[in-house]
Amino acid sequence: MGSHLEQIREQLRESCRVKQSFSDDLLARIELFAVRAAEALAAGRKLVLFGNGGSAADAQHLAAELVVRLQHDRPGLPALALTTNTSILTAASNDYGFEQVFSRQVESLVERGDVLVAISTSGASQNVVRGVEAGARRGAFRVALTGETGGALADQVDLLVNVPSRDAQRIQEAHITIGHIVCSLIEKIRFQKG
């Protein structure tokens with residue numbers, strides 16, 4: 001016991017360092033994400049979130065914060081994650097290929113003015129890129145939460161929120177922090193809470 005304490009401390013320091021390194025420009029883009037989402041929700045639109053692996057879990061987590069609540073009791077907000085219906089996921093993958101698993105759902109569920117939130121540490125996942133491309137055709141406001149470079153998503157979205165790191169662990173930790181900040185701001189903007 002105790003032989004790994006320094007490794008634990010180093011991981012915590014690095015997690016904090018990444019978040020503390022956010023530029024003013026990145027903070028402004030996070031604010032814009034929250035404002036555009038709150039405006040869309042006020043106009044009767046919805047947020048649609050998706051990603052693979054840990055990013056899929058983040059999509060589901062953030063959708064739940066909006067539908068249920070984050071900090072304040074308030075009416076539920078329309079948000080959904082495209083990773084929760086196993087019948088759709090397996091049918092789309094089987095019939096069209098895994099690269100189409102999100103685009104098929106975006107074609108069916110996303111309407112003009114919705115906010116589409118693609119979450120990908122690399123920004124290079126083909127199924128996420130194709131989902132964003134489908135969102136463009138549907139008239140969605142497209143946001144990507146990515147790592148440092150933004151990958152292929154950088155040129156495909158209306159708003160890039162790229163965490164200044166190339167370490168998937170640190171990027172994912174920052175994504176959920178950003179998501180919580182955005183949800184908190186949405187509650188404040190929409191309902192003057194907090």
Side-chain angles (χ1 to χ4, degrees), residues 18-19 21-43 45-63 65-66 77-83 98-166 168 170-183 185-186 189:
V18 168
K19 294 178 193 100
S21 73
F22 285 17
S23 67
D24 288 344
D25 177 62
L26 179 55
L27 297 179
R29 285 182 275 134
I30 293 167
E31 180 184 34
L32 179 58
F33 176 13
V35 169
R36 289 295 301 261
E39 290 171 349
L41 292 164
R45 309 310 327 144
K46 64 186 170 295
L47 265 68
V48 178
L49 306 99
F50 60 102
N52 295 301
S55 299
D58 287 347
Q60 293 168 202
H61 181 153
L62 297 174
E65 303 290 21
L66 294 168
L77 296 167
L80 64 114
L82 300 183
T83 51
F98 193 63
E99 296 79 17
Q100 302 296 333
V101 72
F102 298 130
S103 60
R104 190 67 175 172
Q105 294 182 77
V106 170
E107 291 167 1
S108 302
L109 299 169
V110 171
E111 300 171 309
R112 181 167 300 284
D114 287 346
V115 176
L116 192 64
V117 183
I119 308 173
S120 172
T121 57
S122 69
S125 301
Q126 276 305 298
N127 58 357
V128 175
V129 171
R130 289 188 181 187
V132 167
E133 291 169 348
R137 292 190 297 272
R138 300 292 295 174
F141 181 77
R142 291 154 293 133
V143 179
L145 300 180
T146 70
E148 188 169 58
T149 70
L153 289 174
D155 296 326
Q156 300 278 338
V157 294
D158 301 300
L159 182 62
L160 179 65
V161 180
N162 53 326
V163 171
S165 176
R166 293 175 186 254
R170 304 291 85 89
I171 295 165
Q172 288 179 336
E173 291 161 2
H175 283 173
I176 202 62
T177 300
I178 291 166
H180 279 149
I181 291 167
V182 168
C183 290
L185 288 173
I186 288 169
I189 295 165

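Computation of the quantities below employed the complete heavy-atom set of this structure, encompassing side-chain atoms and omitting hydrogens, waters and symmetry-equivalent molecules.
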A.B. asks: Which heavy atom of Leu116 sits nearest to which heavy atom of Gly131, and what is that distance?
C.D. replies: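 Of all heavy-atom pairs spanning Leu116 and Gly131, the closest is CD2-O, 3.6 Å.
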A.B. asks: Report the residues that fulfil salt bridge (Lys or Arg N to Asp or Glu O under 4.0 Å) with Arg104, sequence neighbours left out, ordered by chain and then residue number.
C.D. replies: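 Arg104 satisfies salt bridge (Lys or Arg N to Asp or Glu O under 4.0 Å) with Glu107 once adjacent residues are dropped.
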A.B. asks: Side chain to side chain donor-acceptor pair (under 3.5 Å) with Glu148: which residues, sequence neighbours excluded?
C.D. replies: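 Partners of Glu148 under the side chain to side chain donor-acceptor pair (under 3.5 Å) test: Arg166.
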A.B. asks: How far apart are the C-alpha atoms of Val48 and Val117, what are their side-chain angles, what is the distance that settles it, and do they pass the side chain to side chain contact (heavy atoms under 4.5 Å, CB included) test?
C.D. replies: CA-CA 6 Å; Val48 178; Val117 183; over 6 Å; no
A.B. asks: Scan for side chain to side chain donor-acceptor pair (under 3.5 Å) pairs involving residues 47-61, sequence neighbours excluded, and state none if there are none.
C.D. replies: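 Of all non-adjacent pairs touching residues 47-61, those that pass side chain to side chain donor-acceptor pair (under 3.5 Å) are Asn52-Asn127, Gln60-Thr83, His61-Glu65, His61-His180.
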A.B. asks: Does Leu109 offer a backbone N or O that forms a donor-acceptor pair with the side chain of Lys46 under 3.5 Å?
C.D. replies: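 Indeed, once roles are kept as given, a pair shorter than 3.5 Å links the two residues.
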A.B. asks: Hey, does Val143 have a side-chain heavy atom less than 4.5 Å from the side chain of Val115?
C.D. replies: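 Heavy-atom side-chain distance check passes, below 4.5 Å.
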A.B. asks: Could you list the residues that satisfy side chain to side chain donor-acceptor pair (under 3.5 Å) with Thr121, not counting sequence neighbours?
C.D. replies: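 Here no residue qualifies.
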A.B. asks: Gln105 side chain to Leu82 main-chain N or O, any donor-acceptor pair under 3.5 Å?
C.D. replies: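 Checked: pair present.
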A.B. asks: Under the side chain to side chain donor-acceptor pair (under 3.5 Å) rule, collect the residues that match up with Arg45, sequence neighbours excluded.
C.D. replies: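 Partners of Arg45 by the side chain to side chain donor-acceptor pair (under 3.5 Å) criterion, ordered by chain and then number, come out as Glu111, Asp114.
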A.B. asks: Kindly write out the residues that satisfy side-chain contact (heavy atoms from CB on, under 4.5 Å) with Ser108, not counting sequence neighbours, or none if the list is empty.
C.D. replies: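 Ser108: no side-chain contact (heavy atoms from CB on, under 4.5 Å) contacts found.
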A.B. asks: If a pair satisfies side chain to side chain donor-acceptor pair (under 3.5 Å) and one of its residues is in residues 135-144, list it, with sequence neighbours excluded.
C.D. replies: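 Qualifying pairs: Arg142-Asp158.
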A.B. asks: Can Glu173 and Arg170 be counted as an ion pair, charged N to O under 4.0 angstrom?
C.D. replies: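 The answer is yes: the pair qualifies as a salt bridge.
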A.B. asks: What distance do Gln172 atom CD and Thr177 atom OG1 have between them, rounded to the nearest 0.5 Å?
C.D. replies: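 Going from the CD atom of Gln172 to the OG1 atom of Thr177 covers 12.0 Å.
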A.B. asks: Quick one, Thr149 with Asn162, criterion side chain to side chain contact (heavy atoms under 4.5 Å, CB included). Give me CA distance, side-chain angles, the key distance, then yes/no.
C.D. replies: CA-CA 7 Å; Thr149 70; Asn162 53 326; over 6 Å; no
A.B. asks: What's the shortest heavy-atom distance between Leu153 and Ser120, and which atoms?
C.D. replies: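 What the structure gives for the nearest pair is CD1-CB, 4.0 Å.
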A.B. asks: Considering residues at least two apart in sequence or located in another chain, which fulfil the side-chain contact (heavy atoms from CB on, under 4.5 Å) criterion with Ala59?
C.D. replies: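 Result, side-chain contact (heavy atoms from CB on, under 4.5 Å) vs Ala59: Leu49, Ala81, Ile119.
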A.B. asks: Checking side chain to side chain contact (heavy atoms under 4.5 Å, CB included) for the pair Val161/Ile30: CA distance, chi angles, key distance, verdict?
C.D. replies: CA-CA 7 Å; Val161 180; Ile30 293 167; 3.9 Å; yes
A.B. asks: Applying side-chain contact (heavy atoms from CB on, under 4.5 Å), can you list everything that pairs with Ala152, at least two apart in sequence or on another chain?
C.D. replies: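 Counting only residues at least two positions away or on another chain, Ala152 forms a side-chain contact (heavy atoms from CB on, under 4.5 Å) with Val129.
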A.B. asks: Can you name the residues that form a side-chain contact (heavy atoms from CB on, under 4.5 Å) with Asp24, not counting sequence neighbours?
C.D. replies: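 Here the qualifying residues are Leu27.
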A.B. asks: Any side-chain heavy atom of Ser122 sitting closer than 4.5 Å to one from Thr146?
C.D. replies: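 Side chain of Ser122 against side chain of Thr146, heavy atoms only: no contact under 4.5 Å found.
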A.B. asks: Identify the two heavy atoms, one from Leu145 and one from Ile178, that lie closest to each other, and give their separation to 0.1 Å.
C.D. replies: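 Looks like CD2-CG2, 4.2 Å.
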A.B. asks: Looking only at heavy atoms, which two atoms of Pro164 and Ser21 are closest? And how far apart?
C.D. replies: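 Taking every non-hydrogen atom into account, CG-OG, 3.3 Å.
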A.B. asks: Which pairs count as ring pair (Phe, Tyr, Trp, His ring centres under 6.0 Å) when at least one residue sits in residues 102-145, sequence neighbours excluded?
C.D. replies: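 Residue pairs with at least one partner in residues 102-145: Phe50-Phe102.
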A.B. asks: Taking the side chain from Ser125 and the backbone from Val128, do they hold a donor-acceptor pair closer than 3.5 Å?
C.D. replies: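 Checking the backbone N and O of Val128 against the side chain of Ser125, no donor-acceptor pair under 3.5 Å is found.
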A.B. asks: Please find the pair of heavy atoms, one from Gly150 and one from Leu160, that lie closest to each other, and give the distance.
C.D. replies: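 For Gly150 and Leu160, the tightest heavy-atom pair comes out as CA-CD1, 4.1 Å.
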A.B. asks: Kindly state each residue pair satisfying salt bridge (Lys or Arg N to Asp or Glu O under 4.0 Å) with at least one member in residues 29-43, sequence neighbours excluded.
C.D. replies: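 Listed once each, the pairs are Asp25-Arg29.
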A.B. asks: Where is the tightest heavy-atom contact between Ala37 and Leu47, given as atom of each residue plus distance?
C.D. replies: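 The pair with the smallest heavy-atom distance is CB-CD1, 3.9 Å.
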